[in-house]
Amino acid sequence: GWLLLGALMTLGPPVVKSNLSRLMLIWKNAFPRSTKELESETERGDLFTWQVTLEGYSGALMSLYSFLTYCQDLCTDDVLRRLASISEVAVNVLSHLPNII
């Protein structure tokens with residue numbers, strides 16, 4: 001799924017613009033909503049579960065990177081603000097990685 005979204009970004013702003021609100025929601029829902037939710041996630045699951053979860057996080061980040069690379073015209077202040085909050089959660093996930101592994 002994430003590979004397809006990343007490939008969709010290469011089609012550029014004319015194609016992505018009509019789906020931007022959906023994409024923002026998908027990216028937002030790919031990560032835990034809060035630090036508290038992230039901490040509760042770190043307490044459950046086995047190694048395989050975390051492998052799948054981290055693979056999903058990386059796919060979401062790569063499709064986000066593809067968006068930033070190919071759809072710069074759509075990066076308004078509001079979009080960048082929303083993406084910054086998603087990036088902040090991704091960094092929080094990285095900070096909890098030693099506890100997971």
Can you name the closest pair of heavy atoms from [X] and [Y] and give their distance?
| X | Y | answer |
| --- | --- | --- |
| Tyr57 | Pro32 | OH-CD, 3.4 Å |
| Cys71 | Gly12 | SG-C, 3.9 Å |
| Ala30 | Trp2 | CB-CZ2, 3.7 Å |

- Task: First locate atom CG of Leu54, then atom OG1 of Thr49, and finally report the distance between them rounded to the nearest 0.5 Å.
- Result: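 Here the interatomic distance stands at 10.5 Å.
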- Interatomic spacing from CD in Gln72 to CZ in Phe67 - rounded to 0.5 Å: 10.0 Å
- Message: Testing Leu68, Leu74, Leu23 one by one against Met9 for a side chain to side chain contact (heavy atoms under 4.5 Å, CB included), which residue passes?
- Response: Leu23
- Message: If the test is side chain to side chain contact (heavy atoms under 4.5 Å, CB included), which one of Leu64, Leu5, Asn19 qualifies with Ile26?
- Response: Leu5
- In terms of side-chain heavy atoms, does Ser63 have a donor or acceptor partner in Trp27 at a distance below 3.5 Å?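 Yes, Trp27 and Ser63 have a side-chain donor paired with an acceptor closer than 3.5 Å.
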- Can Val15 be reached from Leu20 by stepping across I, L, V, M, F, W or Y side chains whose heavy atoms are under 4.5 Å apart? yes
Per-pair distances, 0.1 Å, donor-acceptor, side chain in residues 75-87, under 3.5 Å, sequence neighbours excluded:
{"residue": "Thr76", "atom": "OG1", "partner": "Val79", "partner atom": "N", "Å": "3.3"}
{"residue": "Asp78", "atom": "OD1", "partner": "Arg81", "partner atom": "NH2", "Å": "2.4"}
{"residue": "Ser85", "atom": "OG", "partner": "Arg82", "partner atom": "O", "Å": "2.7"}
{"residue": "Ser87", "atom": "OG", "partner": "Leu83", "partner atom": "O", "Å": "3.0"}

- Query: Does Phe31 CZ have over 12 foreign heavy atoms under 6.0 Å away?
  - Reply: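 Yes, CZ of Phe31 has more than 12 neighbouring heavy atoms, counting only those of other groups under 6.0 Å.
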